[in-house]
Undergrad: 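Quick one: the structure is below, and I'll ask about it shortly.
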Number of protein chains: 2
Amino acid sequence: MSSRRDAVHDILRSSASFRSAQDVYAQLRSDGAKIGLTTVYRALQALADGGMVDVLRTDDGESVYRACTTDSHHHHLVCRQCGSTVEVAGPDVERWAEAVGAEHGFTEVTHTVEVFGTCAECSVSRTSR
Amino acid sequence: MSSRRDAVHDILRSSASFRSAQDVYAQLRSDGAKIGLTTVYRALQALADGGMVDVLRTDDGESVYRACTTDSHHHHLVCRQCGSTVEVAGPDVERWAEAVGAEHGFTEVTHTVEVFGTCAECSVSRTSR
DNA sequence: GGCAAAATGAAAACGGTTGTCAAAATCGAC
DNA sequence: GTCGATTTTGACAACCGTTTTCATTTTGCC
Ligand SMILES: [Zn+2]
Ligand SMILES: [Zn+2]
Ligand SMILES: [Zn+2]
Ligand SMILES: [Zn+2]
């Protein structure tokens with residue numbers, strides 16, 4: 001179908017970290033791909049809508065995308081420096097969120113949970129500097 | 001000190017839901033206050049920096065602020081419809097986040113956790129429509 | 001009062017994202 | 001293959017929340 005969408009998807013699949021639209025666009029262009037920024041935005045949106053990629057917002061309001069390997073519900077442990085990400089499961093957290101919602105009479109309860117830190121690699125390069 | 005900052009703070013303290021800068025600005029103006037939008041942004045920023053108010057980002061990228069009553073670390077259960085918010089504690093979640101970080105060699109671990117749902121009141125008005 | 005420092009706000013700039021719309025690629029008959 | 005209809009594309013403009021700028025006003029202090 002859409003080779004451009006596949007190209008965008010491929011970039012994400014080959015990256016361990018969350019990537020922004022402009023980021024993906026820049027890499028595609030430097031890889032020689034003939035694609036416009038608008039199309040990258042549309043592709044990412046479509047992939048996110050279809051549940052093919054995960055999205056989250058950075059502190060400075062940028063949307064970043066990642067092709068996670070786990071199909072089931074999960075969360076992320078993200079390195080603040082290098083952006084490398086580990087998918088993590090938290091059954092206790094899932095239950096806790098549901099319970100908290102129910103306890104206060106809330107329905108259709110969802111949650112956003114992200115964990116940030118400095119990964120081992122970045123810790124080393126920082127302390128050894 | 002700053003009477004404008006207090007005015008902004010007061011608006012937040014008198015509201016149970018998270019409010020945006022423009023939102024607070026509109027209310028202050030309609031209350032007859034003589035204040036500029038820039039000052040509202042600055043006041044909210046200062047309050048957030050000083051830990052006087054909590055901030056979170058909505059799905060559409062807007063920063064919203066709330067003067068929480070709890071001084072200690074907590075999270076929020078937010079109604080998707082009316083925005084009314086309950087402060088919730090989750091000791092288990094705190095421990096889980098720390099553990100997950102440590103398990104993967106991450107240091108300086110922080111987390112963002114928010115629970116969303118439809119509050120009891122909004123559920124009623126929805127079903128009875 | 002007089003003066004330096006801080007606060008204020010109107011307007012412009014910013015930056016990520018979305019809308020527009022005409023051109024290009026793709027599809028589906030014939 | 002041709003030709004028209006449909007979809008996709010992308011340069012550019014518009015959008016919108018937020019930040020910066022900078023001249024003016026207010027505040028704190030003597
Ligand atoms: Zn790292
Ligand atoms: Zn979860
Ligand atoms: Zn509600
Ligand atoms: Zn917490």
Side-chain angles (χ1 to χ4, degrees), chain A residues 1-12 15 17-67 78 80 83 112 114 116, chain B residues 1-12 15 17-67 78 80 83 112 114 116:
Chain A
M1 193 176 289
S2 166
S3 67
R4 325 257 171 173
R5 179 167 311 175
D6 288 341
V8 168
H9 201 179
D10 286 345
I11 295 277
L12 292 183
S15 174
S17 47
F18 278 87
R19 311 284 300 270
S20 73
Q22 320 234 20
D23 199 4
V24 170
Y25 170 69
Q27 179 170 347
L28 281 167
R29 293 305 292 241
S30 82
D31 285 359
K34 185 184 156 302
I35 191 172
L37 181 55
T38 311
T39 303
V40 173
Y41 272 106
R42 276 193 287 238
L44 288 171
Q45 206 166 282
L47 289 168
D49 287 351
M52 316 289 295
V53 303
D54 285 7
V55 197
L56 62 85
R57 289 254 183 184
T58 64
D59 284 339
D60 49 315
E62 214 174 4
S63 290
V64 287
Y65 305 82
R66 183 174 192 272
V78 185
R80 253 185 242 96
T112 65
E114 307 295 340
F116 300 94
Chain B
M1 193 176 293
S2 165
S3 68
R4 325 258 171 167
R5 179 168 310 175
D6 287 341
V8 168
H9 201 179
D10 286 346
I11 294 277
L12 291 183
S15 174
S17 47
F18 278 87
R19 310 285 299 273
S20 73
Q22 322 234 17
D23 199 4
V24 169
Y25 170 69
Q27 179 171 346
L28 281 168
R29 294 304 291 244
S30 82
D31 286 358
K34 184 185 158 302
I35 189 172
L37 180 57
T38 309
T39 304
V40 173
Y41 272 106
R42 277 192 285 240
L44 288 170
Q45 205 168 281
L47 289 168
D49 286 352
M52 316 291 295
V53 304
D54 283 7
V55 197
L56 63 85
R57 288 254 184 183
T58 65
D59 283 339
D60 49 314
E62 214 175 3
S63 290
V64 287
Y65 304 82
R66 184 175 190 270
V78 186
R80 253 184 242 97
T112 66
E114 308 294 342
F116 300 94

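Predicted, not measured: the structure shown is a model, and the values here were computed from it. Protein chains get the first letters and strands the later ones, always in sequence-line order, with residue 1 at the start of each.
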Undergrad: Which residues within residues 34-60 of chain B lie with some heavy atom under 4.0 Å of an atom in DNA chain D?
TA: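 Listed by number, they are T38(B), Y41(B), Q45(B).
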
Undergrad: Considering only residues two or more places apart or on different chains, which pairs with a residue in residues 18-28 of chain A satisfy salt bridge (Lys or Arg N to Asp or Glu O under 4.0 Å)?
TA: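 Those involving residues 18-28 of chain A are R19(A)-D23(A).
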
Undergrad: Could you work out, with salt bridge (Lys or Arg N to Asp or Glu O under 4.0 Å) as the rule, every residue matching R66(A), not counting sequence neighbours?
TA: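 Salt bridge (Lys or Arg N to Asp or Glu O under 4.0 Å) check on R66(A) returns E87(A).
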
Undergrad: Measure CZ/R4(B) against P/dT25(D) and give the value in whole Å, please.
TA: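 Taking CZ of R4(B) and P of dT25(D), I get 13 Å after rounding.
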
Undergrad: Just to be sure I understand the rule, does S63(A) reach a base, reach only the sugar-phosphate, or reach nothing, if contact means heavy atoms closer than 4.0 Å?
TA: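 The answer is sugar-phosphate, as S63(A) gets under 4.0 Å only of primed atoms, P, OP1 or OP2.
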
Undergrad: Could you report the tightest heavy-atom contact between S17(A) and G83(A), atom names first, then the distance?
TA: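 Answer, listing the atom of S17(A) first, then G83(A): CB-O, 2.9 Å.
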
Undergrad: Let me know the distance between CZ of R5(B) and P of dT26(D), rounded to the nearest Å.
TA: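 Value for this atom pair: 19 Å.
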
Undergrad: What donor-acceptor contacts under 3.5 angstrom involve side-chain atoms of residues 29-39 of chain A, with partners at least two apart or in another chain?
TA:
| residue | atom | partner | partner atom | Å |
| --- | --- | --- | --- | --- |
| R29(A) | NH1 | Y25(A) | OH | 3.3 |
| R29(A) | NH1 | I35(A) | O | 2.7 |
| S30(A) | OG | Q27(A) | O | 3.1 |

Undergrad: Which pair of non-hydrogen atoms, one from V78(B) and one from F18(B), has the smallest distance, and what is that distance?
TA: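 The answer is CG2-CE1, 4.3 Å.
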
Undergrad: Enumerate, atom names and distances included, each donor-acceptor pair closer than 3.5 Å involving a side-chain atom of residues 47-60 of chain B, sequence neighbours excluded.
TA:
| residue | atom | partner | partner atom | Å |
| --- | --- | --- | --- | --- |
| D54(B) | OD2 | H74(B) | NE2 | 3.0 |
| D54(B) | OD2 | H76(B) | NE2 | 3.1 |
| R57(B) | NH1 | G61(B) | O | 3.1 |
| R57(B) | NH2 | D59(A) | O | 3.0 |
| T58(B) | OG1 | D60(B) | OD1 | 2.9 |
| T58(B) | OG1 | E62(B) | N | 3.1 |
| T58(B) | OG1 | E62(B) | O | 3.4 |

Undergrad: Output one line per pair: protein atom, nucleotide atom from nucleotides 13-16 of chain D, and distance, for all N/O pairs under 3.5 Å.
TA:
none

Undergrad: Rounded to the nearest 0.5 Å, what separates atom NE2 in H9(A) from atom OH in Y65(A)?
TA: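 These two atoms lie 13.5 Å from each other.
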
Undergrad: Mind listing the closest non-hydrogen atom pair of Y41(B) and Q22(B) along with its distance?
TA: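 Scanning both residues, the minimum pair turns out to be OH-NE2, 3.4 Å.
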
Undergrad: Please give, in whole Å, the distance from dT8(C) C1' to Y25(B) OH?
TA: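 So the two atoms are 12 Å apart, to the nearest Å.
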
